[in-house]
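Since we're looking at a predicted model, the values are computed, not measured. Just so it is clear, the values below take in all heavy atoms, side chains as well, and ignore hydrogens, waters and symmetry mates. Chain letters run A, B, ... following the sequence lines, proteins first, then strands; residues in each count from 1.
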2 protein chains.
Amino acid sequence: MAVTIKDVAKAANVAPSTVSRVIANSPRISEKTKEKVREVMKQLGYHPNFIARSLASQATRAIGLVLPSSTDIVSQNPFFPIVLGGLSDGAHSKQYALHMTTGKTEEEIFEGVVSMVQGGRVDGVILLSSRVEDPLVSYLLEQDFPFVVIGKPFKNVEQITHVDNDNFKAAKDATNYLLSLGHEQIGFIGGNLNLVVTVERLLGYEKALRDAGLPLINEYVIHDEFLREGGREAVQALLALKKLPTAMLVADDLMALGVLNALDELGISVPEDVSIVSFNNVLVAEMARPPLTSVDINIFDLGYEAAKSLIQKIENPKEPTKRIIIPYELVKRSSCAKPTKKTLTL
Amino acid sequence: MAVTIKDVAKAANVAPSTVSRVIANSPRISEKTKEKVREVMKQLGYHPNFIARSLASQATRAIGLVLPSSTDIVSQNPFFPIVLGGLSDGAHSKQYALHMTTGKTEEEIFEGVVSMVQGGRVDGVILLSSRVEDPLVSYLLEQDFPFVVIGKPFKNVEQITHVDNDNFKAAKDATNYLLSLGHEQIGFIGGNLNLVVTVERLLGYEKALRDAGLPLINEYVIHDEFLREGGREAVQALLALKKLPTAMLVADDLMALGVLNALDELGISVPEDVSIVSFNNVLVAEMARPPLTSVDINIFDLGYEAAKSLIQKIENPKEPTKRIIIPYELVKRSSCAKPTKKTLTL
DNA sequence: TTAAAATATTATTACGATATAATATAATTA
DNA sequence: TAATTATATTATATCGTAATAATATTTTAA
């Protein structure tokens with residue numbers, strides 16, 4: 001089988017524990033024997049067994065990832081590969097690996113995380129999205145297991161290290177931008193309401209309107225999935241009103257693309273008839289016709305910082321709870337213009 | 001600490017080995033004691049320790065993933081989240097987890113895989129792309145470690161289980177489609193030439209032209225990265241010719257998008273002036289303006305089958321080498337038309 | 001009724017490392 | 001030089017489970 005620490009010990013004429021110390025580069029071993037042992041390790045092609053090491057040291061150097069249950073969203077929305085890139089970078093820089101379990105239902109995912117945690121497969125966990133009343137969060141808190149949330153936790157904000165944008169303010173800014181162009185009928189198309197990010201952006205949108213002294217029109221607020229289809233469906237819903245807003249704040253680029261497509265099919269042009277601001281600023285925002293004005297939330301950094309701060313927490317249990325706010329920026333393109341009419345009647 | 005098999009044994013008044021047998025549902029334990037032990041496990045909230053189990057059984061129930069070194073491509077090209085979805089589904093159905101190490105350079109990745117393999121962290125490995133002269137393939141073959149390649153292996157095809165499309169034929173078909181429309185000046189924009197998929201598609205393209213009795217024009221073949229920027233750059237390169245082909249076969253949707261953008265900026269319209277067929281049929285193909293005719297290669301299935309066949313190989317070492325060909329389909333949209341001129345002179 | 005066979009359970013070892021306690025050796029001090 | 005301290009190395013226990021070998025118990029057959 002594979003060459004073990006014992007084989008090295010035998011070949012180098014030292015005790016296994018000495019070899020172990022050499023691997024850990026313990027100062028209690030003389031340079032001379034270190035050299036000797038290292039030489040033998042190289043000769044025999046020794047590689048430490050992670051599993052055995054994990055068992056003995058009670059640490060795996062692996063981070064568990066919890067993805068949302070909807071495979072569609074994970075595999076279609078560019079948000080995920082980008083955070084994954086950031087996570088991967090952050091983990092790699094500290095020599096941690098990423099470990100994923102998946103499940104089709106909420107229950108399967110929950111069970112997967114439980115067995116990952118209790119089974120000692122990972123040293124910590126990152127939740128890639130923050131959900132309202134997430135039982136996983138309660139579980140992890142209860143277990144006092146290291147974890148970090150990407151997004152704003154629904155409750156216990158002070159006890160949970162998280163990496164987030166100021167989505168409230170971002171949405172307020174974005175709405176203000178539309179207001180500044182002269183729009184007064186502004187719709188909001190958000191994601192699932194059990195996602196905290198949706199709630200935050202909605203609140204920011206409402207605040208901006210209220211500050212501007214404009215009424216909140218319930219019918220102008222639509223929720224659907226963070227997918228292109230979600231955007232299309234949102235437009236369908238608005239159509240029923242027979243009166244479209246002149247601008248829309250869309251909580252996701254992919255949704256915005258759906259909105260764009262649906263409007264296009266209806267012969268409604270952007271930005272002449274309707275202005276659109278969306279969120280995330282992924283590649284599709286730039287490629288859409290017209291290119292979308294979008295709030296860049298620095299997705300990569302969300303992942304990167306999440307990995308970093310989780311590792312800090314793993315390596316130092318006394319590490320204080322942190323809240324890391326990643327900056328955002330409104331990237332202006334050509335999906336917004338001054339309104340031509342007050343409202344758009346069909 | 002966590003409750004172990006010993007705690008359960010003590011509480012149930014049986015030996016630890018009996019508990020282990022109950023977990024494995026061994027027929028050598030009576031139903032009566034099984035019930036008793038299970039009851040206790042539930043009461044104590046027992047969860048098996050994966051690490052200890054892995055060490056004893058020499059199996060981890062984890063699959064290692066090897067992503068390409070370019071983080072850009074992984075995080076930007078929709079191919080990856082989609083395969084990942086398939087992999088994840090396939091692994092999950094057999095209760096396997098996914099494990100990823102990453103690296104910035106080829107060497108780091110190689111080292112990551114070696115330590116994953118030798119360190120016993122995973123039971124098998126999936127290579128998400130097939131590269132020309134990939135040292136990883138040599139290494140894994142040498143080690144006789146279970147692995148599956150997504151794509152066609154560069155050599156030793158008969159010894160390596162792989163999941164692939166018939167990219168040669170797909171490219172030939174796609175080219176024939178353009179030929180059937182009347183195009184005679186057809187360019188090829190492919191990815192990096194050290195990717196086997198690029199080579200295969202290029203060969204298919206060339207075969208189609210040769211079969212049609214058309215000359216192969218070197219200047220019409222360009223290679224760049226599987227990114228939008230790659231597409232833009234390819235167009236730049238073609239521009240230098242002062243004579244554009246009337247149709248282009250682009251090996252990736254994202255690249256095609258770049259091509260589209262670049263052409264748009266030049267005032268060249270698709271499909272009136274130039275027809276485009278691309279590969280992958282990811283969401284962007286449908287959303288591009290104009291929507292792209294693209295070869296759907298069923299990315300999800302590539303991942304799903306790869307995971308399935310790797311697991312088969314892991315669980316039965318005598319499993320024969322397999323070659324799994326996932327079907328493709330040319331999805332016609334509006335990026336192709338009959339040529340208006342023989343060549344496009346700038 | 002007893003020996004043999006089948007069934008059920010337990011004791012022990014192994015997996016490959018780390019960590020702690022125990023020694024051996026070298027260096028320092030009195 | 002002996003006693004003490006510092007340094008280097010080794011022996012042993014441990015992590016939590018699975019697998020194999022060893023018993024104990026029950027059932028069947030003679």
Whether over 12 other heavy atoms sit under 6.0 Å from Gln95(B) CD: no
Separation of atom CZ in Phe50(A) from atom P in dG16(C), rounded to whole Å: 15 Å
Touch class at under 4.0 angstrom, heavy-atom based, for Arg28(A) against every strand present: base
Sugar-phosphate, base or nothing in reach of Val14(B), heavy atoms under 4.0 Å: sugar-phosphate
Among dC15(D), dA18(D), dT9(D), the one nearest Thr33(A) by side-chain distance: dT9(D)
More than 12 heavy atoms of other groups within 6.0 Å of Lys313(A) NZ: yes
Side-chain N,O (Thr18(A)) to OP1/OP2 (dA8(D)) below 4.0 Å: no
First of Ala52(B) and Pro16(B) reached from the 5' end of DNA chain C, by closest nucleotide: Pro16(B)
Nearest-nucleotide 5' precedence on DNA chain D, Pro27(A) against Ser57(B): Pro27(A)
Lys34(B) NZ - dT7(C) C1' separation (whole Å): 13 Å
Integer-rounded Å distance: dT18(C) P and Ile51(A) CD1: 13 Å
Sugar-phosphate, base or nothing in reach of Tyr46(A), heavy atoms under 4.0 Å: sugar-phosphate
Separation of dT14(D) P from Lys6(B) NZ (nearest whole Å): 8 Å
Side-chain N or O of Ser20(B) closer than 4.0 Å to phosphate OP1/OP2 of dA18(D): yes
dG16(C) phosphate, OP1 or OP2, under 4.0 Å from Gln58(B) side-chain N/O: yes
Interatomic distance where CG belongs to Leu55(A) and C1' belongs to dA14(C) [whole Å]: 12 Å
Phosphate-side-chain proximity, Ser30(A) and dT9(D), N/O vs OP1/OP2 below 4.0 Å: yes
Distance-only donor-acceptor test (3.5 Å): side chain Arg21(B), base dT17(D): no
Whether over 12 other heavy atoms sit under 6.0 Å from Lys10(A) NZ: no
Sugar-phosphate, base or nothing in reach of Ser54(B), heavy atoms under 4.0 Å: nothing
Spacing between His47(B) atom NE2 and dG16(D) atom P, to the nearest angstrom: 15 Å
Nearest-Å distance for atom pair CG/P, residues Asp7(B) and dG16(D): 9 Å
Flag if over 12 foreign heavy atoms under 6.0 Å of NZ, Lys36(B): yes
Residue Ile29(A), side-chain heavy atoms: nucleotide from dG16(C), dT9(C), dT9(D) that is nearest: dT9(D)
Residue Lys322(B) excluded, over 12 heavy atoms near NZ under 6.0 Å: yes
Atom-to-atom span, NZ of Lys32(A) to P of dT7(D) - whole angstrom: 16 Å
Contact under 4.0 Å: Arg53(B) side-chain N or O vs dA18(D) OP1/OP2: yes
Nearest atoms (heavy-atom pairs only) where Val122(A) meets Phe145(A): O-CZ, 3.3 Å
Touch class at under 4.0 angstrom, heavy-atom based, for Ser17(A) against every strand present: base
